[in-house]
Each structure stands twice: as structure tokens, then as C-alpha cells.
There are 2 protein chains.
Amino acid sequence: MVTNRKEKEQRREEILAAALDRFAAKGLHATTITEIARTAGISQGLLYHYFRSKEELFTALIGDALVKMNQAASGLESLPVPPDEKIRIAIVELLKTLHEETFSRTVMLIAQANLSEGTPEEAKEVLRRESGEPYAVIARIMAAGQKEGSIFDQESPDVLSMLFWTTIKGLAMQRVTNRESFKVPHPESLLRLFIRR
Amino acid sequence: MVTNRKEKEQRREEILAAALDRFAAKGLHATTITEIARTAGISQGLLYHYFRSKEELFTALIGDALVKMNQAASGLESLPVPPDEKIRIAIVELLKTLHEETFSRTVMLIAQANLSEGTPEEAKEVLRRESGEPYAVIARIMAAGQKEGSIFDQESPDVLSMLFWTTIKGLAMQRVTNRESFKVPHPESLLRLFIRR
DNA sequence: GTCTATATCCAGATAGAC
DNA sequence: GTCTATCTGGATATAGAC
């Protein structure tokens, strides 16, 4: 039973975790409220005590995910190291987190949400507002690296940033859909895309 | 009105194209039969004259897509050029087809179907049977290239093949979700991942 | 706060007229 | 072959007991 405020908050988190699990596996529309409730170990009716609708649940998850991504991105940008080293660190860290179930699921969730049609309007709104930053951060780092000569310069910073993120996204999807057989590449292999040699 | 056999076949194709359009944009479950019918310009009831169910439609699309992919893959393998050149050609061609709406949609469709939960069982069956080949083809080419020294050899052929396809998949998704702003990278940029230098 | 039972709605699928 | 009208099932959301 959940009575005080802290426990209520915790139950909310449990529901969110269950929802992330199911949404990442099946997508928004294929996932039923009943299934989320079952995963969270509660009755279907109770879920409505914590969230008004399935869409609100989805939107909350998207919001959380983007906040975390933006924090990570701005943390990266403020590191006191040269641009190419920032990219190296970013790749190392992202490949590490690929092992964590939660991270891969979050990437999937955002990827799905970006298939804008069929995504709740409020979720799209959040995406529009917040999702540009990680791209912009990497693009700025790439630009700085090109200026000082450490980053590959036959491609614009924008395109490099897009390549960076699409590669990570592709790997995360692979990770989610092929849990058993998935092998993480070495950071150095991916770095070859961006570092000038 | 559709009377003879050829016209019937054509109408089937129209419905398949409409379904691919909608499934790629919204996914299997978020897409309604009504919507597909409207996109194809026919009534909802008529669709059942051509396909038994939404799932059959989906499975047919997956089947078509995999057949085409496998044809392309085996065509690539039999080209009379060295391995690194095969990879080059594959990248050039794939980046070209990225411009075609249909190709990107097809990639999306397969990516979605791979989120196995929520995918119809027959579609999963087809995927299991047929989807390994493109990976295997690229892995074999990578292995041959490593043997003769033209391909990057600090990563196994399997991982290189996975990197190859996840990169393409990531770009296709980007293409579908950001039609307006999407810029295709130069083939040489991607080649850097695989070619030994 | 939590559950069970139920109302409501909507999409998939069918039937039948033309 | 094609359409409109209808049946049916399942999922969201609500109501009400505990």
C-alpha cells in the first residue's frame, strides 16, 4: 500500500519504468494499459490514479529522457579537454551505456516518438523544444575540432553530428532487437569516422 | 473498376504502396485499415477483397522487402571487383537509394518489424528465414578484404557488417523523420569506417 | 489507495445490396 | 468488384465498493 508522498513518488517511478519497458518493446499503440499495469504489478484501474491517460504516460517518459540527454550533452561540452577528446569521451561513454537496458530503451522511445505521425501532440511539442540540443552540442564540438585540425573536415559539422547520432541510434536499435548476439564495437572503430588522420 | 487479372494485380500493388506509406509513418498498430484504404483511394470494405487482414498486408510487405534486399545483396557479391570496391559500390548505391522514398520506408518497416514483440508471427517467421543474408554477405566481403589487407582489421567481419547496416539504418530513419533538413553524407566519409589506410 | 466491474468507443472484419 | 451498413471484440477510461 502506498500512503505518504515519498511512496507515491516511488510508485509513479515503478509505473514509468514498466511503461518504458513496454513502449520500447512494442511502441505506443501496440502497448496496452493493461499490459503496463501488469508489468508494474498493479491493477489496470489503479494506473489511472497516477496518470490520466496512456498518452500522458508516454509524454512524461519523453520529457524525462530529453532532460537527461540535455544534461549529459551540456556536461560534455563543458569538459576541459580538446574537441577530439570530447568526441572520444562521448563515444566511450555512449558505448558503455549501450549495455544498460534503460539507455537503449530510451533511445528507442525517442526514435519511435520521432516517427511523428501517431505520436501525441504534447509529446511532439516537447520533442520540438528539447531535442535539438544534443545535435547542436556535437556540431559545435565538431566545428571547433575542424578549426584546430583534429577533426575530419571534408564534411560539415552538421553532417558529422548527424552521422554521430545516427550511428549511436542504429547501434542502440540493434542492441534492443538483438540482445543475445549484439557485440559492441571498439570506440576506436567509430572514432575513425570523425578523427582526422 | 478492376476486371481482368492484370488490373487486379495492379490494384493489389496500389494497396501495398498505400500500406507501406502508412506503416512506415506510423507503425503497424497505429495504422488503421480505414486509413490505408483512404490512401489507396478505395473503400475500407474493398480492401478485404484483396487481403484477408491487416497482418497479412504487413507480412506481404515484409516478404517483398526482404526478397529485394537479398537480390541486391547477392548481386553485389557476384560483382567482378575487389572487396573494398564492393563496399564502396554498396555505400554509393545505398546512399543514392536513400533519396527514394520507397527505400527509406522499407528500411523503416523492417526496423519496426524487428521490434519483434507486437509483430505478427508470420512476419517474424519470414524475417528469421530471410533477413540474415544481407548481414552475411557484407561480413563475407569484409573478411575477404581483411585477408587481402584493404579492409580495416581491428574489428571482426561480423562487427563491421553490423556497423555497416546500423549506419545505413540510422541514416534511413533520419531521412524518414527529417525529410526537409536531411543531408546525405559523402560516400567517402562512410568508407573511412571500413577502409584500411 | 486499491481493486473489480462496467460503460463507452473505435477499429477490424463481415454481410449483403448493387 | 465495389460500396455501405453492421457486427464483434478488445482497449481505454470511469464508477463504485472496500
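By convention in this document, chain letters (A, B, ...) are assigned in the order of the sequence lines, proteins followed by strands, and residues within each chain are numbered from 1.
Atom CD1 in B:I15 sits roughly 11 Å away from atom P in D:dG1 (whole-Å rounding). The separation between B:F51 atom CZ and C:dA11 atom P is 21 Å, rounded to whole Å. When rounded to the nearest whole Å, the span between NE2 of A:H29 and C1' of D:dG10 equals 15 Å. Rounded to whole Å, atom P of D:dA11 lies 9 Å from atom NZ of A:K54. Between the NE2 atom of A:H49 and the P atom of D:dG16 there is a distance of 17 Å, rounded to whole Å. The nearest whole Å value for the distance from the CG atom in B:L47 to the C1' atom in C:dG12 is 11 Å. Atom-to-atom, CD1 of A:I36 to C1' of D:dT12 comes out at 11 Å; the value is rounded to the nearest Å. Following rounding to the nearest Å, A:I33 (CD1) and C:dC9 (C1') show an atom-to-atom distance of 15 Å.
Of the possible donor and acceptor atoms, none in the side chain of A:K169 sits under 3.5 Å from a partner among the backbone N and O of A:V107.
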Could you go through nucleotides 3-6 of chain C and list every protein N or O atom that sits under 3.5 Å from one of its N or O atoms, giving the distance for each pair?
{"residue": "C:dC3", "atom": "OP2", "partner": "A:S43", "partner atom": "N", "Å": "3.0"}
{"residue": "C:dC3", "atom": "OP2", "partner": "A:S43", "partner atom": "OG", "Å": "3.0"}

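Applying the side-chain hydrogen bond (donor to acceptor under 3.5 Å, both in side chains) test to residues at least two apart or on different chains, the pairs with a partner in residues 60-75 of chain B are B:N70-B:E130.
Ion pairing between a basic and an acidic side chain is recognised when a charged N comes within 4.0 Å of a carboxylate O; B:E121 and B:R128 show such pairing. Taking the charged nitrogens against the carboxylate oxygens, A:R140 and A:E133 do have a contact shorter than 4.0 Å, which makes a salt bridge.
Looking at residues two or more places apart in sequence or on another chain, you find a side chain to side chain contact (heavy atoms under 4.5 Å, CB included) between B:H99 and B:V184.
Counted within 6.0 Å of CZ on B:R197, heavy atoms from surrounding residues, nucleotides or ligands total more than 12; the atom is thus considered enclosed.
Residue A:Y48 places no side-chain N or O under 4.0 Å from the OP1 or OP2 atom of C:dT2.
For A:Y50, the listed nucleotide lying nearest its side chain is C:dG1; candidates were C:dG1, C:dA13, C:dG12.
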